[in-house]
Amino acid sequence: MNKKDIEIHIENVSKRFKEILALDDVSMRFESGKLYGIIGPAGAGKTTLFRVMLGLMNASQGAVFYNKNGNKIPFEEIQEHIAYMPQSQSLYADLSVDEHLDFFRKLYGLDNDEYEQKKRELVQLARLNDFLDRPAGKLSGGMYKKLGLICALLRSPQIMFLDEPTNGVDPISRREFWNLLHDAKNKGIMILMSTAYMDEAERCISVVLMENGRVLAVGAPDDLLKQYNCRNFDELFLSRRGSVDD
């Protein structure tokens, strides 16, 4: 399956949990080879959006479509080519960096030559060369997140969902994490990353600004700042949240 042919279409999706409307008539599109930022504070609907897109929960209304060559395909056809990093810790505290990579090699069924090449590249990019024997439970927050990312990248996914992966990560590790993301994007992977950090918006190709389950703005970062005459995304968020009707 060609990475460049994959698109995701979200059409008028809403999700209600009893009296709470977590997603409110959300529509957007994503294309391969681009890095998208889903930006918004806690409660914006970012995690719910990802879970609906991944088929982990059903939308109350609307639909999510996966397309190849302009034609809709069943989710099952793309599912094995998707990598997902949830907010919660998902690694094994007692396994070392090296043991994690070997575990995912076996899980993904990689042959030794392919695995060794990818491992060398990813470990070097993540700057984890000197920590291969360290248990995941003893890694810093930034190293832990980078380990999770390179484990996901071992399978060469076509789409990556990253739910607030830089939350609580120190500035240096955040920069290194973004270097990994841009390297993956340059290889044609579609990356959807949620974050509450407004400053990360300008690192993305395109952003979706959200609050309370609603889309406040969608577009390329520079274009949005110019369109709404704002200096940064903190200012843009404050200006847009006041302009969207309840």
Side-chain angles (χ1 to χ4, degrees), residues 1-11 13 23 26-40 44-47 49-55 63-73 75 77-86 121-122 125 145-146 148-150 152-166 174-210 215-228 232-233 236-237 240:
M1 188 177 290
N2 191 329
K3 295 182 180 66
K4 296 181 180 180
D5 296 331
I6 305 303
E7 295 180 344
I8 306 175
H9 294 190
I10 302 173
E11 298 183 2
V13 166
L23 294 175
V26 171
S27 295
M28 58 191 77
R29 294 190 176 193
F30 303 104
E31 300 175 354
S32 292
K34 294 186 178 181
L35 200 170
Y36 295 91
I38 315 298
I39 317 292
K46 305 184 299 293
T47 298
L49 177 64
F50 278 4
R51 289 176 178 172
V52 170
M53 293 173 71
L54 288 163
V64 177
F65 300 106
Y66 286 80
N67 286 9
K68 177 187 177 185
N69 295 327
N71 299 312
K72 293 177 185 177
I73 59 173
F75 177 70
E77 189 172 326
I78 190 67
Q79 187 173 14
E80 66 178 270
H81 302 285
I82 293 175
Y84 174 43
M85 278 184 63
E121 293 174 354
L122 292 170
L125 280 170
K145 295 291 182 69
K146 288 189 292 182
L149 181 60
I150 65 174
L153 286 170
L154 270 179
R155 74 183 306 179
S156 299
Q158 298 189 11
I159 305 171
M160 296 192 72
F161 289 85
L162 311 175
D163 198 359
E164 302 208 24
T166 57
R174 279 176 68 189
R175 184 170 64 247
E176 293 173 347
F177 193 93
W178 275 99
N179 289 339
L180 283 166
L181 292 184
H182 281 286
D183 181 76
K185 182 263 297 179
N186 291 337
K187 293 176 180 176
I189 299 173
M190 180 196 301
I191 301 171
L192 290 80
M193 171 182 165
S194 71
T195 179
Y197 296 129
M198 294 292 164
D199 63 297
E200 293 191 322
E202 296 182 53
R203 297 174 180 262
C204 302
I205 300 297
S206 183
V207 299
V208 178
L209 197 61
M210 297 183 67
V215 175
L216 304 182
V218 179
D222 289 345
D223 292 343
L224 289 176
L225 293 176
K226 291 176 183 177
Q227 179 181 348
Y228 296 108
N232 53 54
F233 269 80
L236 175 59
F237 177 75
R240 290 300 298 152

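No experiment lies behind these values; they were computed from the predicted model shown.
Across Pro221 and Cys204, no two heavy atoms sit closer than the pair CG-O, 3.3 Å. The two atoms that bring Thr166 and Tyr197 nearest to each other are O-CE1, 3.3 Å, heavy atoms only. Closest of all the heavy-atom pairs between Val26 and Ile10 is O-CG2, 3.5 Å. Contact between Pro157 and Ala152 at its shortest, heavy atoms only, is CD-O, 3.5 Å. In terms of heavy atoms, Phe75 sits closest to Leu54 at CZ-O, 3.4 Å.
Between atom CD1 of residue Ile39 and atom CE of residue Met210 there is a gap of 11.0 Å, rounded to the nearest 0.5 Å. To the nearest 0.5 Å, atom CE of residue Met190 and atom CD1 of residue Ile82 are 9.0 Å apart. Distance check, rounded to the nearest 0.5 Å: OG of Ser32 to CD1 of Ile8 gives 8.0 Å. Summarising the geometry, atom CE belonging to Met53 is positioned 7.0 Å from atom CD1 belonging to Ile38; distances are rounded to the nearest 0.5 Å. With rounding to the nearest 0.5 angstrom, the OG atom of Ser156 is 7.5 Å from the NZ atom of Lys187. Atom NZ of residue Lys185 and atom CE of residue Met160 lie 14.5 Å apart, to the nearest 0.5 angstrom.
Shown here are the side chain to side chain contact (heavy atoms under 4.5 Å, CB included) partners of Glu80, two or more places apart in sequence or in another chain: Arg155. Qualifying ring-ring contact (aromatic ring centres under 6.0 Å, His included) partners for Phe161, counting only residues two or more places apart in sequence or in other chains: Phe50. Checked against side chain to side chain donor-acceptor pair (under 3.5 Å), Asp223 has no partners two or more places apart in sequence or in another chain. Remark: Glu164 engages Lys46 in a salt bridge (charged side-chain N to carboxylate O under 4.0 Å, His left out) (not counting sequence neighbours). In this view, Leu181 and Leu35, Leu149, Leu162, Phe177, Trp178, Ile191, Met193 satisfy the side chain to side chain contact (heavy atoms under 4.5 Å, CB included) rule, not counting sequence neighbours. By the side chain to side chain contact (heavy atoms under 4.5 Å, CB included) test, Lys34 pairs with Glu31, Tyr36, Ile205, sequence neighbours left out. Scored by the salt bridge (charged side-chain N to carboxylate O under 4.0 Å, His left out) test, Arg174 finds Asp199, Glu200 as partners (sequence neighbours excluded). For Asn67, the side chain to side chain contact (heavy atoms under 4.5 Å, CB included) criterion is met by Glu7, His9, Phe65, Lys72, not counting sequence neighbours. Residues forming a salt bridge (charged side-chain N to carboxylate O under 4.0 Å, His left out) with Lys145 (at least two apart in sequence, or on another chain): none.
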Test Ile150 against Leu125 for side-chain contact (heavy atoms from CB on, under 4.5 Å), laying out the working first.
CA-CA 9 Å; Ile150 65 174; Leu125 280 170; over 6 Å; no
Using the side-chain contact (heavy atoms from CB on, under 4.5 Å) rule, take Leu49 and Met28 through it: C-alpha gap first, then chi angles, then the decisive distance, then the call.
CA-CA 11 Å; Leu49 177 64; Met28 58 191 77; 4.1 Å; yes
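Annotation: side chain of Met198 is not in contact with side chain of Leu236 (no heavy-atom distance under 4.5 Å). At least one side-chain heavy atom of Tyr66 sits under 4.5 Å from a side-chain heavy atom of Ile159. Between Leu153 and Ile189 the shortest side-chain heavy-atom distance falls below 4.5 Å. At least one side-chain heavy atom of Leu224 sits less than 4.5 Å from a side-chain heavy atom of Phe233.
When atom types are taken as modelled, the side chain of Asp183 and the backbone of Asn179 share no donor-acceptor pair closer than 3.5 angstrom.
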